[in-house]
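Written below as structure tokens is the structure these notes are about.
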Amino acid sequence: MSASVSTRDTASSALAPDQQGGRRLQVMVIEDSRLIRERLLDLIASCEGFEVSAEAETEAEALAALQQHRFDAVVVDLQLREGNGFAVLRALSSREPRPLTLVLTNTSTRPIRERCLALGAHHFFDKSNEFDRVAQALEALRSPTPSA
């Protein structure tokens with residue numbers, strides 16, 4: 001198997017303060033489409049205080065990265081080049097502390113949404129019309145406010 005996880009050198013940046021003086025929150029992106037992954041990277045880069053510290057295209061790559069690193073948030077696609085996002089959601093549900101888990105998929109039926117939420121996903125977004133909500137969910141993690 002020639003799959004590899006793309007991780008970024010975050011040894012210094014993980015502890016580097018953002019402009020508000022806090023630690024940058026680490027995000028993992030699990031997406032097999034290069035175009036969508038690049039779009040996600042741009043979206044996350046626009047969120048102050050966040051950085052993508054790992055990327056994966058397959059279930060195996062994602063699970064390996066989760067064994068080796070701690071993430072504050074994980075964006076998961078369900079349909080991957082090899083495997084699927086459901087195994088990733090199961091692995092994330094047993095993590096302590098559990099990272100903010102965002103599913104971003106084209107498979108947005110009610111049963112799939114319910115399955116993802118049952119597996120511990122915090123958010124479930126449809127790629128075609130809720131893509132930008134990923135940024136809103138991340139920003140809410142950075143500065144949580146009580147809901148009205």
**Trace of the side-chain contact (heavy atoms from CB on, under 4.5 Å) decision for R115 with L89** = CA-CA 10 Å; R115 182 175 177 194; L89 292 176; over 6 Å; no
**Check against side-chain contact (heavy atoms from CB on, under 4.5 Å), L119 and S93** = CA-CA 7 Å; L119 287 170; S93 69; 5.8 Å; no
**Message:** Quick one, V75 with M28, criterion side-chain contact (heavy atoms from CB on, under 4.5 Å). Give me CA distance, side-chain angles, the key distance, then yes/no.
**Reply:** CA-CA 6 Å; V75 181; M28 178 177 187; over 6 Å; no
**Prompt:** Please walk me through it: do F50 and L141 pass side-chain contact (heavy atoms from CB on, under 4.5 Å)?
**Reply:** CA-CA 10 Å; F50 289 91; L141 175 66; 4.2 Å; yes
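The CZ atom of F71 sits 9.5 Å away from the CG atom of L92 when rounded to the nearest 0.5 Å. For the atom pair Q136 CD and F125 CZ, the distance stands at 7.5 Å (nearest 0.5 Å). Distance CG/L25 to CD1/I44: 11.5 Å, rounded to 0.5 Å. Note that OG of S108 and CG of N129 are 7.0 Å apart. Values are rounded to the nearest 0.5 Å. Of the inter-residue distances, the one linking D126 atom CG with T107 atom OG1 reads 9.0 Å to the nearest 0.5 angstrom. Distance check, rounded to the nearest 0.5 Å: CG of L78 to CZ of R113 gives 11.0 Å.
Shown here for C47 and E139, the closest heavy-atom pair between the two residues is SG-OE2, 3.8 Å. The nearest pair of heavy atoms linking G83 to E59 is CA-OE1, 3.3 Å. Between E57 and E61, the shortest heavy-atom distance links the atoms N-OE1, 2.7 Å. The minimum heavy-atom distance linking G85 with V76 is given by the pair CA-CG1, 3.8 Å. When all heavy atoms of A91 and L63 are compared, the pair lying nearest together is CB-CD2, 3.6 Å.
Checking side-chain atoms of D77 against main-chain N and O of I30 turns up no donor-acceptor pair under 3.5 Å. The backbone N or O of L66 lies less than 3.5 Å from no partner atom in the side chain of Q68, so there is not a single donor-acceptor pair. Checked by atom type and distance alone, the side chain of R37 pairs as donor or acceptor with a backbone atom of E31 at under 3.5 Å. Between the side chain of E51 and the backbone N or O of S53, no donor-acceptor pair lies under 3.5 Å. A donor-acceptor contact shorter than 3.5 Å links the side chain of D32 to the backbone of R81. Judged purely by atom type and a 3.5 angstrom limit, H122 uses its side chain to pair as donor or acceptor with the backbone of T101.
A donor-acceptor pair shorter than 3.5 Å cannot be found between the side chains of Q79 and T105.
Geometrically, R39 engages F131 in a cation-pi contact defined by less than 6.0 Å to the ring centre and at most 45° from the axis.
Contact of the P99 side chain with the D72 side chain is not registered, since no non-hydrogen atoms from C-beta on lie closer than 4.5 Å.
Ion pairing between R34 and E55 fails under the 4.0 Å rule for side-chain N and carboxylate O.
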